[in-house]
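See structure below.
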Amino acid sequence: MEYLSIVPATMLGYLTFRATTHPNSRIRRKMPNVKVKRVQVFPVLRINIFGRWIHFHHWLNFSILLALSFFISIGFLDLMVTKGILLGGIIQGLTLPKEHRKIIYKVSIERLTAINNN
């Protein structure tokens, strides 16, 4: 019966991450960019190495956390609701177009975060 809670949690995770991480969402455009030297920590995690940006996508990080949660039971990762939210975040990230799922970018960070007004 506990597995029934994964469906609404997955939907909640999908909708939450769609509203906050989708490149065209209003919430994402209003978030400030927090960058310290070569590392951007908010709203996304990126590191600049040798003129390229390495982007740690939420769906990739959540995949690792979800896989670990099956082998290690630590606190909140052991809850079905948490696993559902992680699964929703993974599904949302993988539904983006392929060009938004690249891990290494050669372009500048200003181009990646620019708002397309067209």
Side-chain angles (χ1 to χ4, degrees):
M1 198 53 123
E2 184 179 336
Y3 287 99
L4 289 177
S5 65
I6 202 165
V7 174
T10 302
M11 291 172 32
L12 175 69
Y14 178 83
L15 294 174
T16 301
F17 286 100
R18 183 171 182 220
T20 58
T21 64
H22 193 276
N24 296 329
S25 74
R26 286 184 287 163
I27 297 172
R28 167 69 193 271
R29 287 185 285 182
K30 290 181 182 179
M31 289 181 182
N33 289 323
V34 179
K35 183 177 156 191
V36 179
K37 295 189 180 185
R38 295 177 175 235
V39 178
Q40 181 179 358
V41 293
F42 190 78
V44 295
L45 183 59
R46 293 185 182 125
I47 299 174
N48 187 346
I49 300 174
F50 303 117
R52 300 180 196 278
W53 286 95
I54 299 174
H55 183 136
F56 297 97
H57 292 275
H58 68 278
W59 55 267
L60 185 62
N61 299 333
F62 289 171
S63 299
I64 294 168
L65 281 175
L66 188 61
L68 285 175
S69 74
F70 290 117
F71 299 109
I72 304 168
S73 49
I74 344 175
F76 72 94
L77 281 179
D78 202 28
L79 300 173
M80 274 298 155
V81 174
T82 305
K83 290 179 183 181
I85 291 172
L86 290 174
L87 185 60
I90 294 167
I91 292 170
Q92 185 276 331
L94 293 177
T95 58
L96 289 174
K98 192 170 184 172
E99 61 268 6
H100 292 290
R101 288 186 274 149
K102 288 174 54 178
I103 294 176
I104 299 175
Y105 295 95
K106 287 176 78 173
V107 297
S108 68
I109 192 71
E110 289 79 20
R111 182 172 171 209
L112 288 175
T113 58
I115 298 172
N116 187 4
N117 292 330
N118 295 333

Between the NZ atom in Lys37 and the CG atom in Asn48, the distance rounded to the nearest 0.5 Å is 13.5 Å
Heavy atoms of Asn33 and Pro43 approach each other most closely as OD1-CD, 3.2 Å
dist Leu60:CG -> Leu65:CG (nearest 0.5 Å) comes out at 10.0 Å
Check your understanding: Are Ile91 and Val7 joined in one hydrophobic group, where the rule is that I, L, V, M, F, W and Y side chains link up if heavy atoms are under 4.5 Å apart?
Key -> no
Check whether Arg101 reaches the backbone of Leu96 with its side chain - one donor and one acceptor, N or O, closer than 3.5 Å. yes
Closest non-hydrogen contact found for Asn24 with Arg29 is O-NH2, 3.6 Å
Output for pair (His55 NE2, His100 NE2), nearest 0.5 Å, gives 11.0 Å
Of all heavy-atom pairs linking Arg46 and Trp53, the shortest is CB-CE3, 3.6 Å
Smallest heavy-atom separation, Thr21 atom then Arg28 atom, equals O-NH1, 3.5 Å
Within a radius of less than 6.0 Å around CZ of Phe42, do more than 12 heavy atoms belonging to other residues, nucleotides or ligands occur? yes
> Is it the case that one hydrophobic cluster holds both Val41 and Trp59, taking links as side-chain heavy atoms less than 4.5 Å apart, direct or via other members?
Replying inline: yes
Distance col, row Ser69:OG vs Leu79:CG, nearest 0.5 angstrom, shows 10.0 Å
**Request:** Before giving the answer on side-chain contact (heavy atoms from CB on, under 4.5 Å), spell out for Phe56 and Ile47 the whole-Å C-alpha distance, their side-chain angles and the decisive distance to 0.1 Å.
**Result:** CA-CA 8 Å; Phe56 297 97; Ile47 299 174; 3.5 Å; yes
Give a yes or no on whether Leu15 and Ile85 share a hydrophobic cluster (residues Ile, Leu, Val, Met, Phe, Trp, Tyr; joining criterion: side-chain heavy atoms under 4.5 Å apart). yes
Check your understanding: Phe76, Leu66: one ILVMFWY side-chain cluster at the under-4.5 Å cut-off?
Key -> yes
Taking every heavy atom of Glu99 against every heavy atom of Tyr105, the minimum-distance pair comes out as O-OH, 3.9 Å
- Item | hydrophobic_cluster_shared for Ile72 and Met80, side chain cutoff 4.5 Å | no
dist Ile90:CD1 -> Thr95:OG1 (nearest 0.5 Å) comes out at 12.0 Å
Rounding to 0.5 Å, atoms CE (Met31) and OG1 (Thr20) come to a distance of 5.0 Å
inquiry  = I'd like to know if the side chain of His57 reaches the main chain of Lys102, judged simply by a donor and an acceptor atom lying under 3.5 Å from each other, with no hydrogens or angles considered.
reply    = yes
Decide side-chain contact (heavy atoms from CB on, under 4.5 Å) for Leu77 and Leu86; before the verdict, give the C-alpha distance in whole Å, the side-chain angles of both, and the deciding distance to 0.1 Å. CA-CA 9 Å; Leu77 281 179; Leu86 290 174; 4.0 Å; yes
Nearest heavy-atom contact between Ile6 and Thr10 is O-OG1, 2.6 Å
